[in-house]
Amino acid sequence: MKWCVILSSCVAVLAAGDSKTSGRKVRSLAAETWTVTNEHGNITVPGKYPSHVHLDLYAANVINDPYHGLNDFDLRWIAAQNWTYTSKPIEKLTKDTDTATWLVFDGLDTYTTVTFCDKIVATTDNQFKQWSFDVSSVLNSCEEEPVLSINFGSVPAIINTLNASGIDTWPSDVVYPFEYPNRQWVRKEQSDFGWDWGPAFVPTGPWRAGRIVQLETNEAYSLNTNIDIYRKGQLNNIAADQSQPWVVNASIDYIGNLPAKSYMTAVITDAENFSNVLYSGELKDVTSSNSSITGSIVIDANKPELWWPRDMGKQSLYAMTVSVSGSANEEPALVSQRRVGFRTILLSIGNVTSEQIARGYQPGNNWHFEVNGHEFYAKGANMVPPDAFWPRVTGERMGRMFDSAEAQNFNMLRIWSSGAYLPDFIYDMADERGILLWSEFEFSDSLYPDYPAFAQSVADEISYNVRRINHHPSLACWVGGNEFENLLLPIAHRVDPDRYPYFVGQYEHLFITIMFTVLAENSRSISYTPSSANNGWTKIDFSLPVPMVERYDNKTDGDLYSNTDYYNYDSSVSFDYGQYPVGRFAVEFGFTSMPSLETWQEALDPEYLHFNSSVIQLRNHHYPSGGLYTDNYVNGTKGLVEMTLAVERYYPTPNKENSVANFSSWCHATQLFQADFYKSQIQFYRRGSAMPERQLGSLYWQLNDIWQAPTWSGLEYSGRWKVLPYMARHVYKNVIAAPYFNYTSGELDIWVTSDLWETLSGDVSLSWVDLDGNVIADNAGMPKSVGFTVPAINSTRVLHTNLADLKLPDSKDAILLMSLQAKGHLPNHGATTTFTHDNHFLPVWPKDAKITDPGLKLSQDNGTRGFIVEATKGVSLYTWLTHPEGVLGFFDDNAFVLLPGQKKHVGFKVQDDTSGGKWMDEVKVESLWDLTTRK
């Protein structure tokens, strides 16, 4: 059994520990019976725990599917009201003066008044904190069985009141209203208020687990556990000395009472083989307060097996049990179990060194990651919340998402700020699969207040989540938030220069002085930067009022500092490499596309299944309405026009007789453009590993969808793959061959890029054929094969020519096929690996190519439960297999080139099948040719 399965199912109890006595009682609030009532008392429905009000109303048939049609607008009355979750009388709780009773909530969304036995016992105002309240005296004086009631206030009404109070003001340009205004005042998922890829439901309710804990006099209960593993002498943001021993620091937050003198012990074993003991013994330097106890041990430098990201080594994991007792012979008063890994991870954004400059780096600041002392190329995407309602996010859904991430050859996901801090079970999956999670505090696209109560709430939130997540080896870094330093602060300087110093001071107090200090107090193993896009830091010194000195605009001409993002919706320049930003790391880039017809059918009635239907216009939140408007046709249409123009510029435009089929083809065509645009950029960024910028990462925007709508995603809401993930799994291979064509000059270069940690040699075969599949004479004057040698994490140009110098009878009737092959070693893998990559180059845009009917045939391979695709007439471009509803999964290849007479086997990874296997009979295959047909 996987360790994460054990922990995920019982983390609330197991992580807290078991005491030596039988008196402790832990009662899950999920086991109680709940009702949900609105403020007017005219709606009462059964409730679940955890849940959101929308989900309980949907389950009771008071509303239909929140994602259906225009419910983003039509259900706003829910967020406008207060809602109360009320339990039935809670039976069999112990009432006596020797028993302490606590309410523990892992998450309440967001403003609440908590009543227990008809007495107000607490209020809350932060979705991201764990809350615990001693209700012993209330219970003991309760004459009947107690009732727990949690009133959730209307968040929009409360934050509007806060805004009207005049605590602070900012220019409107730096507090971006997607739909609901004033989100900067509340510590709640910011995308709940609308975003340019998601709806604005502003859900409320008990979104994470809760429990009642009863403790006898000498008992304690663990609320949270922080395990920090680092090399001796290691500090945040500074490279660790890999020769130093490991320090394991364990700290348990608890309620109740521990023995007057407490001992801490630890047992660390292999996570799969508990008999393989790495350490067993006492923790040293134990310190305690009335809410936490901390101790540490030192382990020899080379004794643990290291944890590595995927393709860089094993994901070695250990089970660690920490116990607290009054003496060596007593049963423990506290036991906390966590799964851990030994690794160092550094986000390097300090100054470029003289040694790096001597190796050809452009001066400025670094911006890359290093694991266990090795820099590597980060490959992946940005993850947004997988659902507007987190209680619907299951392990099964997230497992399918990680399947898709691995299949795209990712080693990193950026967990974008202004969603929610991920639950532990998602980090558990990342630990097992070797996917690093760039993690962010939940702030984005706004300047925020820093008045004392708000700042304290933020500090508590950061402390809780840093301590909760810190033991996961997949944790790559912490970032304060999104788009502050290279977007919002420059806007503030432009629109209100007189108050700019105040805005910077406010920003630095919250995002550096508070956040960085809290992080450093709780973890020495993790790097921090206050903004996802920035120019790095010049100095770190905790004796300063602002301990990290950001570079901002303090730059030297000609030097290079920042990571980059790139959004350009003028599709006429989408494939112009000169438009792409040159930087150290590409953290965001993208273009919107439509989801497939199958996904649209999940949310839309049939009459709206056409490209410019009113519902599709209004579900397109690019561009955002900027307020609570229900007629955002102008902005929604702008985004649709951008996609339409992109298709018309480069691809055959669908014009089918059947309106639904035509709509489906248009949706698919927008995905073709998106995939090719991302491919062009990723190839460019990866080639930058050989350039003076030493570019070492690209994370496309965005991996997943929160609902069914036009967005930047690669995965649709159900997990169905667009064209983009199939492209990404090819272009993110370890070694790739890529063409770079200047459409103005005709210059054509072919480069090989490798992210391996050793020099690699191999060959790239080059074949020119016409679009009927005939070999072009003399290979158009190009060699049939070129050899290459590429250094570690680098690129090398293997061919340079000009289209005018090639002997192409007709550039509209030609395609260059490239096939790379090499043998080498993955990092920390002993066996030799064969590396392959196929690519192609069209000398004209696809719409101008003389494509013909490829005569595609599709058959099933019953032996492998896969498919055989054959082109019988001509070259098949963008060969595309579509699976029906009733099955979730993805093909092992798609959107590929197929030559006439070539048979290609395509497998399918089944993630879920409700059709009993019948889905295979409904798989279809098409190609670029089918966009041009009338039927």
Side-chain angles (χ1 to χ4, degrees), residues 167-171 174-175 184 187 234-239 346-352 364-367 417 438-463 465-466 477-494 496-556 559 561-563 584 587:
I167 300 173
D168 211 336
T169 59
W170 302 268
V174 296
V175 183
Q184 73 273 20
R187 295 310 304 132
Q234 182 178 342
L235 296 173
N236 313 83
N237 294 65
I238 306 297
L346 172 70
L347 171 55
S348 177
I349 51 178
N351 295 322
V352 169
N365 274 62
N366 283 287
W367 232 108
S417 57
W438 162 332
S439 301
E440 300 190 346
F441 301 139
E442 304 304 330
F443 301 80
S444 184
D445 288 306
S446 176
L447 296 183
Y448 287 85
D450 69 337
Y451 61 89
F454 188 89
Q456 184 60 57
S457 182
V458 168
D460 293 343
E461 164 192 329
I462 301 305
S463 178
N465 286 288
V466 165
C477 65
W478 279 113
V479 178
N482 182 50
E483 296 182 332
F484 299 129
E485 293 187 18
N486 290 358
L487 179 63
L488 296 179
L489 287 175
I491 292 174
H493 187 262
R494 185 181 69 248
D496 197 347
D498 292 340
R499 294 187 70 207
Y500 179 68
Y502 169 77
F503 299 140
V504 172
Q506 189 177 54
Y507 167 73
E508 290 186 339
H509 176 235
L510 190 66
F511 287 92
I512 301 179
T513 301
I514 291 178
M515 292 189 186
F516 191 26
T517 300
V518 170
L519 171 63
E521 287 173 347
N522 290 284
S523 174
R524 292 174 63 169
S525 60
I526 296 299
S527 304
Y528 175 74
T529 186
S531 179
S532 63
N534 68 0
N535 300 320
W537 50 266
T538 63
K539 184 178 182 181
I540 293 177
D541 185 347
F542 278 95
S543 68
L544 298 174
V546 181
M548 178 180 284
V549 180
E550 292 291 270
R551 185 171 291 280
Y552 298 125
D553 290 324
N554 177 24
K555 297 180 288 187
T556 302
D559 290 357
Y561 298 96
S562 67
N563 60 349
R584 309 286 191 191
V587 65

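Everything numeric in this text was worked out from a predicted model, so none of it was measured.
Here the side chains of Q184 and L447 are not in contact, with every heavy-atom distance at 4.5 Å or above. A heavy-atom distance below 4.5 Å is not found between the side chains of S562 and R584.
Between the CG atom in N366 and the CG atom in L346 there is a gap of 9.0 Å [rounded to 0.5 Å].
Annotation: side chain to side chain donor-acceptor pair (under 3.5 Å) contacts of D541 (sequence neighbours excluded): S543. Shown here are the side chain to side chain donor-acceptor pair (under 3.5 Å) partners of R499, two or more places apart in sequence or in another chain: T169. Take D460 and apply the side-chain contact (heavy atoms from CB on, under 4.5 Å) test, not counting sequence neighbours, and it matches K129, Q456. In this structure, the side-chain contact (heavy atoms from CB on, under 4.5 Å) partners of N522, at least two apart in sequence or on a different chain, are N226, S463, V466, R467, V518. With sequence neighbours excluded, no residue forms a salt bridge (charged side-chain N to carboxylate O under 4.0 Å, His left out) with R524. Under the side chain to side chain donor-acceptor pair (under 3.5 Å) criterion, S417 pairs with E440, not counting sequence neighbours. Qualifying side-chain contact (heavy atoms from CB on, under 4.5 Å) partners for T517, counting only residues two or more places apart in sequence or in other chains: E521, F542, P547. Looking at residues two or more places apart in sequence or on another chain, you find no salt bridge (charged side-chain N to carboxylate O under 4.0 Å, His left out) involving E442. Applying the side chain to side chain donor-acceptor pair (under 3.5 Å) rule to N535 yields no partners; only residues at least two apart in sequence or on another chain are considered. Not counting sequence neighbours, the partners of W478 by the ring pair (Phe, Tyr, Trp, His ring centres under 6.0 Å) test are F441.
S527 places a side-chain N or O within donor-acceptor distance of the main-chain N or O of L347, the cut-off being under 3.5 Å. A donor-acceptor pair is defined here as one N or O able to donate and one able to accept, closer than 3.5 Å; such a pair exists between the side chain of S531 and the backbone of A533. Checked by atom type and distance alone, the side chain of N465 pairs as donor or acceptor with a backbone atom of E461 at under 3.5 Å.
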Please set out all donor-acceptor pairs under 3.5 angstrom arising from side-chain atoms of residues 502-512, sequence neighbours excluded.
{"residue": "Y502", "atom": "OH", "partner": "D168", "partner atom": "OD1", "Å": "3.3"}
{"residue": "Y502", "atom": "OH", "partner": "D168", "partner atom": "OD2", "Å": "2.5"}
{"residue": "Y502", "atom": "OH", "partner": "Q506", "partner atom": "NE2", "Å": "3.2"}
{"residue": "Q506", "atom": "OE1", "partner": "W170", "partner atom": "NE1", "Å": "2.8"}
{"residue": "Q506", "atom": "NE2", "partner": "D168", "partner atom": "OD2", "Å": "2.5"}
{"residue": "Q506", "atom": "NE2", "partner": "D450", "partner atom": "OD1", "Å": "3.4"}
{"residue": "Y507", "atom": "OH", "partner": "E485", "partner atom": "OE2", "Å": "2.8"}
{"residue": "E508", "atom": "OE2", "partner": "Y552", "partner atom": "OH", "Å": "2.8"}
{"residue": "H509", "atom": "ND1", "partner": "D450", "partner atom": "OD2", "Å": "2.9"}

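Figure legend: cation-pi geometry between R187 and F443, with NZ or CZ positioned under 6.0 Å from the six-membered ring centre and within 45° of its axis.
Taking a 6.0 Å sphere around CG of D553, one finds it holds 12 or fewer heavy atoms contributed by other residues, nucleotides or ligands.
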